[in-house]
Amino acid sequence: MTYEVERTLMCTVGKLLYDRGYAAANDGNLSILVEPGRLLVTPSGVSKGRMTPDMLLVTDLEGTVLEGDRHPSSEMKMHLAVYRGRADVRAVVHAHPPVSTAFAVCRRGLETPYLAELVVGLGAVPCTPEFAMLSTDAVPRSVEPYLADHNAVLLANHGVLTWGGDLWEAFDRLETVEHTAKIVLNARLLGDPVVLTEAETAELRSLRGMYRTLRQKRAD
C-alpha cells in the first residue's frame, strides 16, 4: 500500500471532522497532493469517522483512479480546481460544519473584520453568490474566482471549502471558519458587533509575517 503515512494522517483528520460534528454521516471529503501529479483522496459513501487507510484512493490530476477499488469523492472536481488554481496548495478539505454552513445557506460570508485573529491569520471568507449543483462543473467554477486571494470559501447552500500547505493547515482553517461563524453569530445575537477600523485592520495585516515566523522552529 503506497503513501502509508499520508493515509494514516487522512484517516486521523477525517475522524476529527466527524467527531467534532463538521461532517455527519458520509459527508465531507479530503485530498492531499502526495507528489507531483498524484493525489490521495477520500472515497464516496464512507463516513469520515470510519475510514481505514485501504479505502483511500490515488488519482492523477485529471481525477483518473490509479490505485484503489472504490469510487473517489463525487466532489473531486472541486479539489482539482483548487490544485490547478493554487500551486502552493498541498491539501484540500470540504465539510459541513453547522454554523458556518448556516451562513452559507443565508449566503453571508465571514468578511467583516470583527476578529483580530481572523485578519492576521485566515483572512476574509467570502460566500459564493449562487448555488452550484453538486458534483457538476458548476462547483469548481464557483470556487475559482476566490482561489488567488483567499484560503477558504463558503459554498452557497452547501458547506465550507478550505485549502492549505498541508492537511493540518487545511483542517485548521476549516475549524477557524466554524469558530469564527459561532462568534459572529453570538455577537449579532447580543447586539451590535463593533468592526475593527481600517487602520487597525491594516496594522493587523502587517503582523502576518511576524506570526508566520513565530510558527517556525527557532534558529540556533
Side-chain angles (χ1 to χ4, degrees), residues 1-4 6-18 22-97 101 104 128 130-148 150-171 173-174 177:
M1 187 168 59
T2 59
Y3 311 116
E4 293 188 16
E6 292 86 353
R7 288 172 186 267
T8 299
L9 172 62
M10 187 172 280
C11 290
T12 298
V13 173
K15 191 169 189 309
L16 274 176
L17 285 175
Y18 182 80
Y22 302 157
N26 299 334
D27 293 350
N29 33 78
L30 308 91
S31 66
I32 303 173
L33 185 68
V34 287
E35 62 176 289
R38 294 290 183 272
L39 294 176
L40 187 66
V41 302
T42 50
S44 290
V46 174
S47 168
K48 304 304 151 314
R50 298 192 295 273
M51 289 190 305
T52 55
D54 58 293
M55 293 178 179
L56 306 177
L57 302 103
V58 178
T59 75
D60 63 18
L61 293 183
E62 300 299 320
T64 302
V65 175
L66 305 176
E67 296 179 31
D69 59 2
R70 293 175 178 267
H71 296 283
S73 168
S74 61
E75 297 294 355
M76 185 75 181
K77 293 176 181 178
M78 180 169 61
H79 290 246
L80 295 173
V82 177
Y83 293 112
R84 285 195 300 267
R86 286 283 296 269
D88 59 322
V89 166
R90 294 293 178 271
V92 178
V93 174
H94 167 58
H96 307 150
T101 299
T128 60
E130 298 178 351
F131 173 68
M133 184 54 63
L134 306 185
S135 307
T136 69
D137 290 333
V139 181
R141 284 199 303 268
S142 73
V143 169
E144 286 168 354
Y146 306 100
L147 293 175
H150 298 87
N151 297 307
V153 64
L154 303 183
L155 305 170
N157 299 84
H158 186 172
V160 182
L161 182 70
T162 60
W163 47 90
D166 57 36
L167 189 56
W168 280 122
E169 184 171 51
F171 171 82
R173 285 174 171 171
L174 184 135
V177 171

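Interatomic distance, Met55 CE to Cys11 SG, rounded to the nearest 0.5 Å: 8.0 Å. In this structure, Asn157 CG and Met133 CE are separated by 10.5 Å, a value rounded to the nearest 0.5 Å. With values rounded to the nearest 0.5 angstrom, Glu75 atom CD is found 12.0 Å from Ser31 atom OG. Here the OH-CD1 distance, from Tyr83 to Ile32, works out to 7.5 Å after rounding to the nearest 0.5 Å. Note that CG of Leu17 is 10.5 Å distant from NE2 of His96, once rounded to the nearest 0.5 Å. A distance of 4.0 Å separates CG in Asp137 from NZ in Lys77, rounded to the nearest 0.5 Å.
Residues Pro140 and Leu80 form no side-chain contact, since every pair of their non-hydrogen atoms from C-beta on lies 4.5 Å or further apart. Side-chain atoms of Glu6 and Val58, non-hydrogen and from C-beta on, never get closer than 4.5 Å to each other. Proximity of Thr2 to Arg7: side-chain heavy atoms (C-beta onward) are separated by under 4.5 Å at one or more points. Using a 4.5 Å cut-off on side-chain heavy atoms (C-beta onward), Met51 and Pro43 make contact. Using a 4.5 Å heavy-atom threshold, the side chains of Asp166 and Leu9 count as separate. Leu61 places a side-chain heavy atom less than 4.5 Å from the side chain of Leu33. For the pair His158/Thr128, no side-chain contact is recorded, criterion being any heavy-atom separation below 4.5 Å from C-beta on. For the pair Leu161 and Val82, the minimum side-chain heavy-atom distance is below 4.5 Å.
Pairing each heavy atom of Ala95 with each of Ala23, the nearest pair is CB-CB, 4.3 Å. In this structure, Met10 and Leu40 approach most closely via the heavy-atom pair CE-O, 3.3 Å.
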Derivation and outcome, side-chain contact (heavy atoms from CB on, under 4.5 Å), residues Leu155 and Val143:
CA-CA 8 Å; Leu155 305 170; Val143 169; 3.6 Å; yes
Let me see the working for Leu16 and Trp168 under side-chain contact (heavy atoms from CB on, under 4.5 Å), right down to the final yes or no. CA-CA 11 Å; Leu16 274 176; Trp168 280 122; 3.6 Å; yes
Test log, rule side-chain contact (heavy atoms from CB on, under 4.5 Å), inputs His79 and Val41 = CA-CA 9 Å; His79 290 246; Val41 302; 5.9 Å; no
(request) Decide yes or no on side-chain contact (heavy atoms from CB on, under 4.5 Å) for Leu154 and Val177, but give the supporting numbers first. (result) CA-CA 9 Å; Leu154 303 183; Val177 171; 3.9 Å; yes
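Between the side chain of Ser44 and the backbone N or O of Ser74, at least one donor-acceptor pair lies under 3.5 Å. For Lys48 (side chain) and Asn26 (main-chain N/O), a donor-acceptor pair under 3.5 Å exists by modelled atom type. Under the 3.5 Å distance criterion, the side-chain polar atoms of Thr42 are matched with a main-chain donor or acceptor of Leu30. For the pair Asp60 (side chain) and Arg38 (backbone), a donor-acceptor distance under 3.5 Å is absent. For the pair His94 (side chain) and Thr162 (backbone), a donor-acceptor distance under 3.5 Å is absent. Side chain of Arg173 to main chain of Trp163: a donor-acceptor pair is present (N/O by atom type, distance under 3.5 Å, no hydrogens or angles).
Atom OH of Tyr146 is surrounded by more than 12 heavy atoms from other residues, nucleotides or ligands within 6.0 Å. Met1 CE: more than 12 foreign heavy atoms inside a 6.0 Å radius.
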